[in-house]
Structure formats: C-alpha cells, structure tokens
Novice: 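My questions will all concern the structure given below.
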Amino acid sequence: MAIISVPAPCGLSRTAAVRDRRQAERGAEVNIDKELLRLMLRRMWTIRHFEVKVIEVHSAGEFTGGAHPYIGEEAVAVGVCAALEDTDYIAGNHRSHGHPLAKGGDVKGAMAELYGRVDGYCKGKGGSMHLADFSIGILGESGIVGSSVPVATGAALAAKIRGDDFVSAVFFGDGASNQGACHESMNLASIWDLPVIFVCENNQYAVTTSYKDSVAVEHVADRAVAYNMPGVSVDGQDVIAMYEASMEAVKRARSGQGPTLIEGLTYRFDEHSLGLGRVRRGAYRSEEEIEKWKKRDPIEIFTRRVVSLGELSEADCEAISEEERLKVEEAVEFARNSPYPEPSELHEDMWANPIAVP
Amino acid sequence: MAIISVPAPCGLSRTAAVRDRRQAERGAEVNIDKELLRLMLRRMWTIRHFEVKVIEVHSAGEFTGGAHPYIGEEAVAVGVCAALEDTDYIAGNHRSHGHPLAKGGDVKGAMAELYGRVDGYCKGKGGSMHLADFSIGILGESGIVGSSVPVATGAALAAKIRGDDFVSAVFFGDGASNQGACHESMNLASIWDLPVIFVCENNQYAVTTSYKDSVAVEHVADRAVAYNMPGVSVDGQDVIAMYEASMEAVKRARSGQGPTLIEGLTYRFDEHSLGLGRVRRGAYRSEEEIEKWKKRDPIEIFTRRVVSLGELSEADCEAISEEERLKVEEAVEFARNSPYPEPSELHEDMWANPIAVP
Amino acid sequence: MAQTIFGEAINQAIIEEMRRDESVFIMGEDIRRSVYGATANLLEEFGEKRVIDTPLSENGFFGAAIGASLVGMRPIVETLTSFMWVGMDQLISQAAKMRYMFGGQARLPVVYRATMFYGGGSAAHHSDRSYPMFMNMPGLKIIVPSSPADVKGLLKTAIRDDDPCIVFEDGTLAGSRGEVPDGDRLVEFGKANVLRQGEDCTVVAIAGSVSMAMNAAEELVAEGVSVEVIDPRTMVPLDKQTILDSVEKTGRLVCVDPAHKVCSAASEIASIVAQEGFWSLQAPVVKVASEQVHIPYTPALEKLVYPTKDKIVEAVRETLD
Amino acid sequence: MAQTIFGEAINQAIIEEMRRDESVFIMGEDIRRSVYGATANLLEEFGEKRVIDTPLSENGFFGAAIGASLVGMRPIVETLTSFMWVGMDQLISQAAKMRYMFGGQARLPVVYRATMFYGGGSAAHHSDRSYPMFMNMPGLKIIVPSSPADVKGLLKTAIRDDDPCIVFEDGTLAGSRGEVPDGDRLVEFGKANVLRQGEDCTVVAIAGSVSMAMNAAEELVAEGVSVEVIDPRTMVPLDKQTILDSVEKTGRLVCVDPAHKVCSAASEIASIVAQEGFWSLQAPVVKVASEQVHIPYTPALEKLVYPTKDKIVEAVRETLD
Ligand SMILES: Cc1ncc(C[n+]2csc(CCOP(=O)(O)OP(=O)(O)O)c2C)c(N)n1
Ligand SMILES: Cc1ncc(C[n+]2csc(CCOP(=O)(O)OP(=O)(O)O)c2C)c(N)n1
Ligand SMILES: [Mg+2]
Ligand SMILES: [Mg+2]
C-alpha cells in the first residue's frame, strides 16, 4: 500500500477532468500489488530497451521500412495493459511496438518481425507497423491512422452479443482523434454500451503538426461528452495514474456500463519515425519543450517514486532494467539468425480457405 | 416590428441551449421586415405545394426514381435561407427539394429535373437527389448521406483564403450526424474559423431508426462542444426562430468568428421516401406521435402568428399560397412538355475539358 | 424445388445460416424493419442481439464487423454498393489486408451484402456496380450471383467461408423468380455455371446481364448461331479454365459486364483469354460493358448505358464477321 | 535543360503554378515542413493561407478541396495512395460524379497528388498502387508520370485543367534524375510517349516500370530483338491509338504495370488490343503486373511481387516464341 504523489505535468493546461483526477491522486492511497508494480516497470523497460535498440540497428541499416519509436510514452500502454487480462484485446496504430510489448508480447517475435524473418509475429509479412499476436489478444497494429478503432470496437461488440466478459482497448493518437473513424466508433460504442476503452495517446503532435492547430478542443477527452461517455485526461507520464484510470474504465466496461475515453497526456522523446517520411527535425518543437518533457521520463518518475516509498529497492529496479536489456539483446541475435521466408511463402496466408492464385 | 410568441414543441426534451433560445423568444421583440415575412411564407408554400404535387405525380407514375418529401420541415430550410444572400452557398442531402426552393431556386427547373427533362436544373441527369443551381449558390444536393458536409466546408475555406465575405450552409439529418464526414468537417471549420453553418435537420428518424437509438447524446447540438463552436437547438417548426438563429450564425461567420451548429428540431410528416427503398410504414412511429407533430405544422404556426399580430392579413396569406400552388401547377405543365435529352447527350457534361470517350 | 423470388432466396439463406450457427449475426441500416426487403422476420426469430440496426456510420460498423469476426463471430453486413465508398478504408485496409499482413493469424469470416441499385432512375449516387474495383485488391472474395438459386447457395457458402466476402446483389434481379433447390444446398466458389452449350461463340456474362445473354443466345438460334453462355458466379475466385475451355471450342468471346467498361471484369476476362487462350481465338474479343459515364437519372439516357440483349446479339455477330 | 530530381520537379511545378495563378493553393498533412519532400519553400513564399497543414481528416479535407474548387479555387491536395481509402467517398461520390450529375454546372479544378510508396519495406498498408481502381470510375483524370520532365509538365497541366485529376507519383522514382526542359512547359494529357522505337514487340509500361522496360529493351538488343517502349503517361485519357499503331507494326504486346494484376491497367490495355488490334496480333498478349497478394514487408518476398526488367525480358521472349 503506497501513497503516490504525482509531479505536475508540464506544458499542458488542464481541463476539469484532469484537475479532478489529479486531486484524487494527490494524497490518495493506492493499493497496488508489488508484483504488478514490478511488472509495470519491467514492461516499461522492455519497451525502452527495445526502442533504443531498434533505433540503433535501423540506423545501422539492419532492416528498412518505417518504425515509430514509443520512447517517452511507455507509461500509457503499460498502464492500460496492466489493467487488462490476457483474454482481453488490444489494437494499435503505427507507433506500434509499445502496445504489444505492454500486453506481454514476445520480444523475440517482435524483433524478428522488424527484421522481416520467418520467426516474426507475422512471419515477416507485417513488419514494424503490423505487429500482432492473436494468441494473447493483440489484434494488431495498423499503419492507417484511426483505422483500428472500429476494429477494436467490433471485438467489444462480439463480447456484448455473446455475453463474454472480455474488454477491448484501442490506442490512437491526438492526430487520429480527428478521423471520422474515431467519431463513428465512439458513438457506436456508447449507444450499444460496448466494453471498449478508447485510449488517446496525446503526445501533442501528429508528425510536425501541433494538436493545438488540429484539434479544436483543449483536450481530446473533452470530446467524450459528444458521445455521452466518461472522458478523462490523465498524466500519461505516470503509469500508476494510467493504470488507475484504466482499471476504472475496465470495471465500467466489464459490468456492462459501456465505453470510456482515456486521454494520456504524453510526449514522444524522439522523432516521428525512422525511415518512412524524411521528417525534418527541429522547427516544430522547441529544444526547451523537448528538454522539459524529457525531465518527465515515465520510467524515472515511477522508479523514483516506488523506491522512495520503499516498494522496490533501487537494486530491484536496476536488475529489472538489466534483465530486459538482455532480453532485447537476445531478441536481436534471435532475429538476425532467423531465416527470411522462402519465395514459396509469397502467396501463403492470403486466405483462410485458399483459392487458386490468379 | 412584431412580438412573436412560440408554442412549446412537443415530444423532444430540451437542452439548456433550447431553453435559453426559447426564453429569448418568449416576449422578445422581433424586427422582421414585412417583405421578408412574406418571402418566408411564400417559400414555405412553394415547398409544400411542390412536395404535395410530387407525391401526386410520382404515385401516378409520371416519373420514377426516389424522392424524399420535405413536408413538415419547411421552416428549417426557409429560416436558414432567409438569412442568406444569393451570393452565399448551400449544400444539401437526399431530402433535397426544400433546400434549393428555400434558396430561391426556380420551381420549373426543379420539377423538370424530377421529370428527367432537358430543362431541368441538371438537364435531367441528376434527378430528385441532385438538384443544383450554381448561379444562385445552390452547390447541390447529395444522395450519399453526410457527403456534402465537407464540400460546403470547402466553399467556406475558399472564402477564408480569398477574403470573400460569403458564407456557406449545409443541411444534414440527425442520422447523418453520425457520419465521420460531419466530425471531420466541424473540426476543420472550427480550427480554421470558417464561415460555415452546419444545419442539422433533426427530424428524429433516419428512415426507421430513431435518433434516440443512434445518436449517443440528447441533442445533436450538444456535439458542438467537441469542436469548440456554438451549438444551438432550435424549434424547427418555427421559421422565425430558425431565421434568428441563422442570422446570429451568419453574423458570426461573416465577421470571421467561425462556424455554428444549428439543430432544427423537426419532423417529417410523410414517409421517408417515394420509390427508392420500400419503407414499411407504421411500426417505427406511433400514430399519436405523428398526429401530435402534424399539429405543429410550420406553415400554420407561422400564419396564425403573423395574422394575429396583424403583420399579414389572412387574405394575403391565402393569396401567397394560391400563387405558389399555381406556380407549381405551371411547373408540372412545363416539365411535362419539356423534352427528354437526346441520346447524343449521354457523354456530354462529363468533363470541363473534354477527352475522347473511352 | 420451389419458385422463389431473388430477395426471398437471400432471406432464406440468412435465416438458415443464423439457425445453423449461433455466431452468425447481421447488422445494417434499418434491417429490423427490412427496409430493403431481404431481412424480413429476422428480428422476430433471432432477437435484437443478432439483428442490429446501425447508425449511419458505414466506416464504423463495417469495421466493427471485422473486429467481431476476428474474435469468433460471423457477421453479415447489409449495405448498398454506393455506401461502400464511405466505409472503404475498413474494407481495404482491414478486411482485405489483415490476414496477410498478420502472417495468417487473422480469420475474417465476414460477409458484406452490397446491393447494386441501378437501372431504375436511382442516378449517379445510387447506381454503383463496383466489383471490378474490388477485384483489383487482393484479399476479398467477390460474389456476383445471377439467379435466386445462386444467390442463396453462394450467400450460404460465403457465410461459412472464413474469408471476407462481398456479395454483390444485383438490384435489377430483386424481383426475379427462379427454381431454388430445397434443403441445405451450397454453391461452390470458383465454379462457373455453363448455362447454355454452344459451338460458335462464348458469351461470359455477369449478374444482371446473364439473362440478357441467354435471351441473345435464344435470338441468335434463328440465325443459326449457337452461343455458349457462361456465368462465372464468383469473380474472386474466378473459374478461368471453364472460360478458356469454352473459347477453345468456340474460338470467339464476348464479355458482358454491367460495370463501367474501363478496367472492368470484362476487361480482365478479355485480357486472360488474350494471353492464355490466344491461339484459340479466331476473332477479336468483344466487350459489352457499361458506357464510361456516370449513371444519368433520366430514363432517356440511362437505358443507353448498360449492356442489353441487342448489344450482345450485335457483339456476337461482330465476332462472326 | 537541367538535370533534376523527380521530387524537385514536382516542387518546381507547384511553385510555378502558384506564382502564375493566385487561386492555386495547396493542402495536406505536414506540408509546411515538407515532410514528404515535395512542398519545400512553399510556406515561405506563399504564406499560411495558401499552404495549409491539415488535421488527419482525409475525407474532410479531400472534400474541402472539392468545395473550394467549386467556387473558383484550384486546390492541390497532397496525400499518399494508401490514405485515399479513408477519403474515398469524397473522391468518388463528389469529385468524380459531381459535374455530370449536376448537368455540367460544376467545374472542379482540383488535383490530388497521391504518392505511391512501395518497394522499400513499407508493407501492406503503405504500398498501394491503386490507379486501376480509379480508372474504373468515370470522372477522374488519371496521371502516372515516369520521369522528372513528365511529372513536372503533367502536374502543371493538371493544375490548369478544369477537371479533377489524380497524379499518382511513383515513390520508387522520388530520387530519380532526368532532364527537365526550362521554362513553362506543359505535357499534354492523352499523348503517349514512345520512348524507344522498335519492330518486334511493343512494351507498354507505366510509371516506375518504364525504366525497367527500357532496360529490358536494351538487353534484348543483344538477342537481335527490337522493342518499342510506350509510356501512356495518362491512363485517363488513354492514348490507345499510339498503342494500336505500334502493335500493328510489331504484332506483339507486353503490358507492364506495377499495380496488382487483376483488373489492372495492363488488363485494360490488353483487352483494348484484343478487341481493336486483334488482327495485328501475332502472339498472345503478355501481362507483367504485380502478383495478386498484398505487399509483404520482408524484402525477401517483396521483391518477388513487382515487375522487373527480367520478367519483362522473359515476357517479350514469350511473345516471340
Ligand atoms: C489515414 C492516414 N493519414 C496519414 C497517415 C500518415 N501518418 C502516419 S502517423 C501520422 C501522425 C499521427 O499522429 P498521431 O495520431 O497523433 O500519432 P503519433 O504519431 O503522434 O503517435 C501521420 C500523419 C497515415 N498513416 N494514415
Ligand atoms: C452513406 C449512406 N448510407 C445510407 C444511405 C441510405 N439512406 C438514405 S437517407 C437515410 C436516412 C438519413 O437520415 P437523416 O440523416 O436523419 O435524414 P432524413 O432522411 O431523416 O432527413 C439512409 C439510411 C445513404 N444514402 N448514404
Ligand atoms: Mg500524436
Ligand atoms: Mg432524420
């Protein structure tokens, strides 16, 4: 049992929803199992080390294709997925490594997929933007912005029809929130009381475009009123806050009360992407802004807190990081040694009930 | 100068916005030029007689194709268009006769179009759902629900870029409000402060589907907050109220303050459509509900009011109705006598800069 | 065997499959009250959970069907071809691509029933015959039935198939009648139907144009011309062998297609035969497809757009010149 | 004449046309900072009103461009082919159909610049080469340039054209160089470019496959085979006469198309020649188009999908067997 206090997020003015949430957090007691705290830290480190490594090997030319680093945003996916079971579903977007790893996806399979090898999640056919592992509810990342939101909504519809008690969560960006797909899905989920959690990762930019120039409201969560569902803006650098908001949403969802929109206020520490789209750095974000946000590293914030509360020792935390670092190193070795698919594989996996190749 | 009092609308609970507006109306003095009052009445009658005639000749088999009567909803389009200039633009939807006639479209051209004749607005190529008269700012009706909303938004974008002072208004239904196109357009219009008026004709049903089962919020106007623009629910049976709300929106738009969402609470007195889609009547709306709403005939409400205020005489009003009835009769004669297009017309009008027919 | 109307055959297929398999459900606009005619009596028998009226949000509910299919349901979605543009992203980016890009993990047993309104004054916005566009995109099975028996049997097969299928239901056939075999009869995908044997010319016709081709063949008998009429029934998979075999016999090919002529299904079939059946051909292949214009509202022009019996007769004659 | 990179040629065309005509403006995602490279220096010269960064709302801003074009502006929209699915309804229901269904009242001088990413590991969601699907729909002019000079001249023509145009910019050419004539030079729509004269076989190639066809032709010289290479440059309008004339001379046709093979542009061209040029043909028409699968991410498989010089050489040999 720990009392968690949260430093004020920087750079974002706050809506009533954020204020309420943050008041609730300040001084409130938090019951989080030590094992879960460890797991959250572990997964944040998995993602961090994974992404650092990906940047390294990508710039060394070990594979091509786009990749969108999740560094700085780890608390969002990890907080949400910590509130989910293996039998729950997630779907994601182009910033695609954090979500599956947060859901417990295998690191080797993920890395091998980026390398385009047969041992990848998708046998090398999907690549960075299309990681998926259906066996643990990872319904897949999507390169088309906003496009997986209806899909996740549909998984929740199945739960409703069959009376199953799984929920589904979908990750999308501040930019994506302007897609019609989001509007339609939130309305559907609300009128049908579907067990779906809409997780907007508001990292404040869509490539180079500030959300202030593209989203008409101050917070994406403000849009929840348009669908008559709860909307909450959460400090996305605080994995505990993300977890708690998600637990509330999951409870609502599982008990048939319908969807929730959670906005995680966060920041990407790196550039929009590797490879795809030659994004010129600099002009659209100030160095100060970047530095200010880098001081709010979600892993550091969490570590400082759990250590100062005596929940985990510093050594514990370092060990976890090191274990995950090694796991990522092994994954790279695994990926490098995994073979490319055979040419005969080209037309495989097109159909569940195959037809002759035209 | 007349004091206009408005009977309470039935069947719809009201948001704060509606209440405010209705308070403003109750006992408030209204300055409306007598000529404009006459024009509003005239245009409501044009539409009414047009639609009654269309039902008659359509069921007599004089032309085929779908047609969606606007009877009962006349005050919405007429109130909005009374606030517009000829140089302003409108775009509409499948319920497509009321909007152009309210904007001052030629009755003969409209009727001839329904008859598929060369003297129709679109030379018979468009038909009922695609009436358009660019010469007076009628940018066209659209059969695909929600599809003209981005288009009207784009006309407003041109005004903004060029510094022109025209505005554009777009009509869409409660059903259409669930289309992504509406979401995207409203957000665009808001962030760019475009001079566009989003007019939702909430007649409470999309074909047989109640808006209560398909729109997550109580009023479509409640969605305006999601785009940081004013949203107002107006008694759509009251042409004066629609006019006033529109005038406010037009003023905002012309002065560069951006878009407004106006929801006209209304009801269609007839079935969804003639022809297209064999809609089984009855089950989805009760007879009581229909009767209750028919008592709120926008033309009757208006006539009673202006007569009792002494603005127009009963004889004036009857004369206007009769004139419009005759105009519609003439239009039918005109349409019947207009020729069908020649076969050689088939490939004409495809291109502004023609190419060889493939 | 019973004489059945096309629309009723669709209704029967849905009811039989919903009875057979609890994971089948149906969604669409105003289907509970069967506004477009094919979903009568479903609500009464299967209830609100399995017969879902949707808001006007095609992209949203097309995608919701995909998501439901991924986790074990078998959704049927009712729509019109012309509303598919609005939901195109879900059809292409998700339904068509998902299985392959996830390395075969996804199973998407989802069926889109897309009615093609045309020919009755429904004008440019409501007259799309868009199957050729979907044929260009891998990953979707494309069904184009031409009779009550076929629409029933093929729709049933589509519902049981584990891949995304679009069943293009030709609206001009909605009221047509035909024998429908009793019982649980499936029609296999990828098996063309040779409706009429002939020696002089092969006519491949699709959906609503099949009966025109049959009438044309009938008319040509008087001229001593014997026409073989083939209905591919499914465009993906396409039974090209039956077509090639027929052309080998007749040496002549007319491709009839209600879709716009450029990059049409007729173009595809013509190109296959020009490559793989070239040495059988004794005359130019003739396409009879819709004029490359939008569908005009006025009946005076609309009737000029589509294939007709007369155009087919003319085309066959052309191959025999 | 200057050696110019494909992407720069696009940039030049935009700048020249924006200078020439105040009603030209450009909108798209992250164009102010020229994320995709073709919109550099526009913001600085033309300002925020004419260089508009849009939210991620393709259907919304594709449509806004249409609305602006209706009232006298000449919008250029930057996007990727793969994002067009999201905005498909505006492209089809409005841009393509509006003028005809309004009886010729609408003028829609709007240009969509759609980059086709493919060939570099961009996977199934970012590798669409969708022009054949748009060819099926009347009302859109379809431009597929294969060189810096053509992309500049055709884009300029598109901007001045009063109809909706989609310029499919082949991403595999982004870094390619070529001579671009100085000055205000337009390239006319509907005029194929005969890049190389030949006697034995006609190869029609599109966009990124044109240089492969040229290389194939070069290689075949050694075998004594003389290949004529034709780049249609615009698919709508299509200069079919140049193709037919060529086939009349060579008697053989290979159609090369980076798009998926079924209902491809290659299919269309093959079908035209099978009908109108049949008597010229001395051998089967051969299509060399992309395999009918989604684009796999892994380079091991991706490279198998597209046309290559070797496949073209093989195809030409096949026609000569
Ligand atoms: C429909 C669509 N439009 C455009 C793109 C190109 N694109 C990829 S990511 C991106 C920005 C997305 O921003 P956001 O949703 O905020 O996510 P973030 O990258 O910030 O995590 C864009 C414009 C795309 N992939 N899909
Ligand atoms: C995208 C699309 N989906 C479905 C339809 C079929 N349809 C035509 S009108 C209509 C109902 C529209 O309801 P609403 O927007 O409320 O307008 P109303 O008819 O009530 O005026 C439907 C479902 C269509 N035309 N377009
Ligand atoms: Mg973002
Ligand atoms: Mg309605």
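Heavy atoms only: backbone and side chains are in, while hydrogens, waters and symmetry mates are out. In this text, all values refer to a predicted model and were calculated from it rather than measured experimentally. In what follows, chains are A, B, ... by sequence order, proteins preceding strands, each numbered from 1.
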Novice: Can you find a pair of side-chain heavy atoms, one from D:Arg33 and one from A:Tyr284, that are under 4.5 Å apart?
Specialist: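 In contact.
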
Novice: For D:Val262, is it the side chain, the backbone, both, or neither that has a heavy atom closer than 4.5 Å to a heavy atom of chain A?
Specialist: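 Side chain only.
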
Novice: Restricting to non-hydrogen atoms, name the atom on A:His130 and the atom on D:Ala123 that form the minimum distance, rounded to 0.1 Å.
Specialist: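 That closest heavy-atom pairing would be CD2-CB, 3.8 Å.
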
Novice: Out of A:Cys122, A:Gly146, A:Gly126, return the one with the most heavy atom pairs under 4.5 angstrom to chain D.
Specialist: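 So the answer, after comparing A:Cys122, A:Gly146, A:Gly126, is A:Gly126.
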
Novice: Determine, step by step, whether A:Val207 and D:Glu29 satisfy the side chain to side chain contact (heavy atoms under 4.5 Å, CB included) criterion, reporting the C-alpha distance in whole Å, the side-chain angles of both residues, the deciding distance to 0.1 Å, and the verdict.
Specialist: CA-CA 9 Å; A:Val207 195; D:Glu29 288 154 18; over 6 Å; no

Novice: List the atom of D:Ala300, the atom of A:Tyr340, and the distance in Å for their closest heavy-atom pair.
Specialist: CB-CB, 3.5 Å

Novice: Report which part of A:Ala206 has an atom under 4.5 Å of a heavy atom belonging to chain D: side chain, backbone, both, or neither.
Specialist: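 Contact with chain D involves both backbone and side-chain atoms of A:Ala206.
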
Novice: So how far is it from A:Asp213 CG to D:Glu48 CD, rounded to the nearest 0.5 Å?
Specialist: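 That separation rounds to 8.5 Å.
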
Novice: Work out which heavy atom in A:Ser142 is nearest to a heavy atom in D:His125; give both atom names and the distance.
Specialist: OG-CE1, 3.3 Å

Novice: Is there any residue in residues 178-187 of chain A with a non-hydrogen atom under 4.5 Å from a non-hydrogen atom of chain D, and which ones are they?
Specialist: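 Counting heavy atoms that sit under 4.5 Å from chain D, the residues of residues 178-187 of chain A involved are A:Asn178, A:Gln179.
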
Novice: Rounded to the nearest 0.5 Å, what separation is found between the CG atom of A:Asp349 and the CG atom of D:Leu301?
Specialist: 10.0 Å

Novice: Can you measure from NE2 (D:His126) to CE (A:Met129) and round to the nearest 0.5 angstrom?
Specialist: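 Answer rounded to 0.5 Å: 4.5 Å.
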
Novice: I'd like to know if the side chain of A:Ser214 reaches the main chain of D:Pro55, judged simply by a donor and an acceptor atom lying under 3.5 Å from each other, with no hydrogens or angles considered.
Specialist: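 The answer is no, because no donor-acceptor pair under 3.5 Å joins these two groups.
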
Novice: Output all residues satisfying side-chain contact (heavy atoms from CB on, under 4.5 Å) with A:Glu348, sequence neighbours left out; order by chain, then residue number.
Specialist: A:Lys125, A:Glu345

Novice: Considering only heavy atoms from C-beta outward, does the side chain of D:Ser82 approach that of A:Ile144 to under 4.5 Å?
Specialist: yes

Novice: Measuring heavy-atom distances to chain A, does D:Asn59 have an atom under 4.5 Å in its side chain, in its backbone, in both, or in neither?
Specialist: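 Answer is neither: D:Asn59 stays 4.5 Å or more from chain A.
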
